[in-house]
Amino acid sequence: MSTTMDHPVEQVGGVTAKYVDERLGSNKFLGRNLGKVFPDHWSFMLGEIALYSFIVVLLTGTFLTLFYNPSMVEVVYNGSYVPLKGVQMSEAYASSLDISFEVRGGLLIRQMHHWSALIFVAAIAVHMFRVFFTGAFRKPREFNWLVGVGLTALALGAGFTGYSLPDDLLSGTGLQIIRGILQSIPLIGTWAAFLVFGGEFPGTEIIPRLYAAHILLIPGIILALITVHLMMVWTQKHTQFPGPGRTNTNVVGYPLLPVYMAKAGGFFFIVFGIIALIGGLVTVNPIWIFGPYTPDQVSAGTQPDWYIGWLDGALRLMPNWESVIAGFTISWNVLIPSVIIPGILFTGLALYPFLEAWATGDKREHNLLERPRNAPVRTGIGVAAIVFYGILWIGGGNDVIAAAFDLSFNVLAWSLRIGLIVLPPIAFLVTKRICLGLQRKDREKLVHGYESGRVLRLPHGEFIEVHQPLNYKELAIISAKEDLPVLPAPVKSDADGVRNPNYRVDQLRHKLSSFFLRDNIERPTDAEIEAGQAHAAHSAGLEAPLHEYEELDQDPVGHGGVLHHPGMPMTNQEQVDQRQ
Amino acid sequence: MNEIIPGSGANGEAARDGHSSAPAKLGYSPVAEIPHRLRVTDTDPKAARRAERQVAGMFTLSMVFVILSVIAYVLIDKYTVVYIPVLGDVGASNVVLGFTFGMAVLLIGAGAIQWAKKLMPDVEVVQERHDMVSEKEDDNLAAANYERGKEESGFARYKMIRRSLIGAMVLLPIPIIVVLRDLWITPPGENPTEILSTTMWTKGKRIVSDGTYMPIRPEDLPIGGLVSALPEGILEVQEEEHNLNARGKAAIILVRMDPEQIRSQQGEGWDYNGILAYSKICTHVGCPIALYEQRTHHLLCPCHQSTFDLADSGTVIYGPAARDMPQLPISVDEEGYLIATQDFAVPVGPSFWERDKA
């Protein structure tokens with residue numbers, strides 16, 4: 001009799017819930033977490049797309065392993081694809097052709113695998129932009145940013161190793177370039193290339209080795225890191241954008257059960273379904289056209305998968321520098337674009353949260369996202385990096401672009417080389433200016449309200465422009481801006497003449513902090529905001545009698561806490577009360 | 001609920017400092033409660049029923065598509081190609097399977113989201129956050145445990161143990177790295193530099209054309225023509241070694257130009273009556289090259305656009321390659337077939353650390 005009393009879950013979850021709980025104590029976890037609140041915003045779906053496309057990659061990849069044969073043993077093709085009949089090729093390529101032509105649904109799964117891998121990397125990139133530009137990487141989420149950077153690098157590795165497996169002419173050319181890059185590494189490069197390829201290029205080892213990395217090593221680490229990534233999001237609770245009722249110490253959104261689960265779960269099926277549709281309808285990587293790999297053949301206009309394009313562009317745009325020092329060759333023309341530049345970009349990416357926190361001296365916990373305009377230097381750096389990346393990416397297709405638009409190849413290449421150096425700083429400055437302009441506009445809105453554009457003649461003859469107060473939502477968003485003063489300049493020695501041992505470091509930090517913060521347009525004080533909004537409400541009120549009959553049917557606008565408009569939308573509590 | 005705490009102190013210290021003295025609430029959110037508007041499905045029972053039917057309809061349709069996809073799998077011949085506007089000639093089985101399965105999955109997702117948006121409560125809920133930093137109590141407990149561990153193990157006291165353990169842990173990964181050495185099982189006496197510096201070409205080795213593998217006579221090559229070529233016996237070597245390594249190094253191109261137009265070569269008399277042999281492997285990162293412009297005698301790499309002037313010793317005239325394209329000295333044998341007179345004088349393909357030691 002008392003069992004159901006002891007286990008109220010049994011009434012809703014049946015015997016299973018009780019059975020599991022008695023063994024794992026799971027209800028403690030469920031009780032705490034089934035109602036866990038997740039904030040909602042369209043940009044939070046970007047990371048979800050990455051996660052779901054990865055699941056699709058795993059599912060489709062598992063299917064492919066059942067048919068794919070990672071062997072470089074030469075066989076004679078005798079499948080149904082007529083143009084290649086009788087051609088010598090590796091078993092890897094032959095089995096990839098069989099997946100495409102003989103296995104029903106094989107081509108669909110192969111194309112879904114490729115498309116979802118492309119989407120996986122793309123979703124990671126835009127998710128990272130969202131996290132960067134909204135400052136979501138700030139304390140306490142720096143570790144998760146690092147995990148994210150690691151996942152990005154692994155995603156590129158997963159993509160590249162997978163792209164190489166069919167052993168077609170295109171993928172082999174990619175491996176040939178990798179061989180060249182390995183050989184450019186000083187001191188160990190030649191041996192590194194021989195070890196990786198199990199001897200001379202192309203050898204017979206590389207496909208089985210890439211296969212092991214592609215289906216075990218890399219996805220294993222990705223899976224582990226994704227788990228850590230999500231556990232940290234869970235523990236730290238998701239960040240939220242500023243808005244009504246949202247503060248740095250609360251989280252406003254929908255509970256896990258049922259709304260978030262239905263939305264996130266449903267979204268998984270949407271991503272999965274769209275990938276299946278694309279995989280069925282849009283051809284990707286038609287390996288049968290390229291033919292089997294042989295190191296002395298290539299086709300013109302070859303392009304790697306999109307996420308490798310920037311590295312290829314870097315290789316193309318680099319001047320042909322090489323030096324021989326003490327008889328040893330250093331191929332700067334390969335080393336810089338393919339090893340040093342990616343190394344710098346990824347290191348910079350990984351360190352950025354720590355650099356910014358150190359430079360601004362910001363040690364607070366941030367759970368409210370920052371609007372990009374309110375961090376002009378960060379936004380500028382991000383845009384500059386995207387421009388840099390974008391130019392390299394365009395460079396990766398410069399032959400195709402030159403041919404398509406009938407441009408002089410040399411002029412295009414030189415424009416890109418110069419642009420690579422000149423445009424990122426310009427992008428930085430322009431972005432920063434735009435951000436500061438938006439900050440000024442925001443300040444304007446807070447202390448004067450909206451310019452309605454309507455001019456009113458008062459009874460005593462005075463003309464005024466009507467300003468309208470901000471609505472509650474905008475007021476909450478704009479006023480959430482946080483200001484930090486520049487770190488004070490250090491003194492060389494104190495009053496007693498004792499030298500400051502950290503002077504140089506402090507001076508650098510002061511300068512960096514000034515670089516980040518000095519142009520900030522300060523948020524008005526709360527009193528100024530209240531006064532400004534009240535004034536705007538007053539001016540709008542003057543106009544009100546003229547047209548109140550016009551607006552009777554329209555949605556009323558809540559005027560914040562300043563004027564409690566009788567038509568303000570219902571609050572949560574009122575709504576819940578009404579339902580009951 | 002709607003108290004407002006200013007964002008920063010006068011000198012910013014309070015604001016910058018960690019959790020304890022930081023403002024509890026950042027942001028100015030004067031509306032205490034989160035506003036909410038009722039949906040049509042909240043007020044109109046008819047609309048709610050309509051939404052219910054929509055959701056159930058989507059889930060049902062998903063089942064229909066599953067059945068259709070199985071039927072398509074069984075009935076559509078896998079080799080049937082159909083023409084579909086925009087998509088072109090495509091495999092019928094692939095398109096139908098992708099469409100039906102994709103719709104089956106998509107409709108489950110669409111139904112779930114419609115359900116959540118129209119019928120589940122859309123009232124936002126507020127939960128409090130807590131600073132990530134541990135409570136003082138836990139902090140103390142952790143410190144005490146750590147201290148106890150340090151004390152009981154004597155980690156601080158036993159210097160010798162500590163240092164030898166650190167030493168052992170540092171050395172442990174070495175064998176793991178060392179065993180990677182045999183990623184390349186090196187045949188006795190071989191080293192990478194030598195392998196990269198030699199190819200199949202030897203004195204008197206006949207040049208055969210790629211594809212037909214037949215020896216080439218000078219008169220087979222018209223002026224302005226380009227032929228991809230390989231050493232005679234390449235197929236036997238491939239057969240014997242079970243790889244394409246020899247091919248990757250020995251591939252050459254033959255071009256013929258008016259001898260007057262040859263401005264320079266890498267060696268005296270390395271051409272044969274205006275026929276020049278150059279490596280086909282780019283000196284940048286190793287792509288095979290075959291784009292030849294006969295009027296300018298330029299050879300362009302399709303991968304990174306390095307351009308070589310074959311009338312002028314194969315020098316780089318544009319692009320990221322740093323080294324001239326290696327030239328192979330050629331002649332004809334007594335039967336009148338083109339032959340190599342020696343191996344390449346320099347290593348072919350991408351540069352490497354020991355290249356100039358070779």
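The sequence lines fix the lettering, A, B, ..., with proteins before strands; numbering per chain opens at 1. This structure is a prediction, so every number in the text was calculated from the model and none was measured.
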**OP:** Find out whether the Lys NZ or Arg CZ of B:K357 is both under 6.0 angstrom from the six-membered ring centre of A:F328 and within 45° of the ring's axis.
**Re:** yes

**OP:** Could you label the plane-to-plane angle of the A:F194 and B:W184 rings as parallel, tilted or perpendicular, counting under 30° as parallel and over 60° as perpendicular?
**Re:** tilted

Original post:
Taking only heavy atoms into account, what residues of residues 84-96 of chain B are found under 4.5 Å from chain A?
Top reply: B:L87, B:N94, B:V95

Subject >> Distance flag, aromatic centroids of A:F272 and B:F101, threshold under 6.0 Å >> reply: yes

Original post:
Is there a donor-acceptor contact under 3.5 Å linking the side chains of A:D312 and B:H304?
Top reply: yes

Subject >> Selection from B:A112, B:A321, B:C287, B:A251 maximising heavy-atom pairs under 4.5 Å formed with chain A >> reply: B:A321

Subject >> Residue selection (most heavy-atom pairs with chain A, distance under 4.5 Å) from B:P192, B:G286, B:A116 >> reply: B:P192

Subject >> Among the listed options B:L244, B:L107, B:N191, B:I76, the residue most often paired with chain A at heavy-atom distances under 4.5 Å >> reply: B:L244

Original post:
Among A:T204, A:V103, A:V259, A:L107, which has the most heavy-atom pairs under 4.5 Å with chain B?
Top reply: A:L107

**OP:** Tell me whether the centres of the aromatic rings in B:W353 and A:W191 are closer together than 6.0 Å.
**Re:** no

**OP:** Name the option with the most non-hydrogen atom pairs under 4.5 Å to chain B; the candidates are A:V73, A:I181, A:N410.
**Re:** A:N410

Original post:
Should B:R323 and B:R355 count as side-chain neighbours, where that means a heavy-atom distance under 4.5 Å?
Top reply: yes

Subject >> N-O pairing of A:R246 and B:E124 below 4.0 Å >> reply: yes

**OP:** Give a yes or no on whether B:L75 atom CG has more than 12 heavy-atom contacts from other residues, nucleotides or ligands under 6.0 Å away.
**Re:** yes

Subject >> Max heavy-atom pair count under 4.5 Å with chain B, selected residue of A:G280, A:A193, A:P337 >> reply: A:G280

Subject >> chain B contact via A:P186 - side chain, backbone, both or neither, heavy atoms under 4.5 Å >> reply: both

Original post:
Non-hydrogen atoms of chain B under 4.5 Å away: do they reach the side chain of A:F201, the backbone, both or neither?
Top reply: backbone

Original post:
Do A:T329 and A:E322 have side-chain N/O donor and acceptor atoms under 3.5 Å apart?
Top reply: no

Subject >> A:R141 portion near chain B, given a 4.5 angstrom heavy-atom threshold >> reply: side chain

Subject >> Portion of A:A413 that has a non-hydrogen atom of chain B nearer than 4.5 angstrom >> reply: both

Subject >> Check: A:W321 main-chain N/O paired with A:S323 side-chain donor or acceptor under 3.5 Å >> reply: no

Original post:
Can you say whether B:C303 sits under 4.5 Å from chain A via the side chain, the backbone, both, or neither, judging by heavy atoms?
Top reply: both

Subject >> Option in A:P295, A:G189, A:G180 with maximal non-hydrogen atom pairs under 4.5 Å from chain B >> reply: A:P295

Original post:
Residues in side chain to side chain donor-acceptor pair (under 3.5 Å) with B:S228, at least two apart?
Top reply: B:K280

**OP:** Quick one: list whatever passes ring pair (Phe, Tyr, Trp, His ring centres under 6.0 Å) with B:Y79, sequence neighbours left out.
**Re:** none

Original post:
Under a 4.0 Å N-O cut-off, is there an ion pair linking A:E365 with B:R129?
Top reply: no

Original post:
In terms of heavy-atom proximity below 4.5 Å to chain A, should B:Y73 be classed as side chain, backbone, both, or neither?
Top reply: both

Subject >> salt bridge (Lys or Arg N to Asp or Glu O under 4.0 Å) partners of A:R209, counting only residues at least two apart >> reply: A:E205

**OP:** Rounded to the nearest 0.5 Å, what's the gap from OH on A:Y293 to OG on A:S90? Could you check?
**Re:** 11.5 Å

Original post:
Any idea which of A:R316, A:Q176, A:M112 has the most non-hydrogen atom pairs under 4.5 angstrom with chain B?
Top reply: A:R316

Subject >> Residue A:V251 versus chain B: region with a heavy atom under 4.5 Å >> reply: both

**OP:** Please assess A:V282 against A:L277 for the test side-chain contact (heavy atoms from CB on, under 4.5 Å), listing each intermediate value before the final yes or no.
**Re:** CA-CA 8 Å; A:V282 190; A:L277 289 177; over 6 Å; no

Original post:
By a 4.5 Å heavy-atom criterion (distance strictly below it), what part of A:R179 contacts chain B: side chain, backbone, both, or neither?
Top reply: side chain

Original post:
B:N245, B:L97, B:L230: which one forms the most heavy-atom pairs within less than 4.5 Å of chain A?
Top reply: B:N245

**OP:** Please determine, among A:G396, A:G106, A:P258, the option with the most heavy-atom pairs under 4.5 Å with chain B.
**Re:** A:P258

Original post:
Can you tell which of B:L196, B:N243, B:L291 has the highest number of heavy-atom pairs within less than 4.5 Å of chain A?
Top reply: B:L196

Original post:
Considering only heavy atoms, which portion of A:S331 lies under 4.5 Å from any heavy atom of chain B: side chain, backbone, both, or neither?
Top reply: side chain

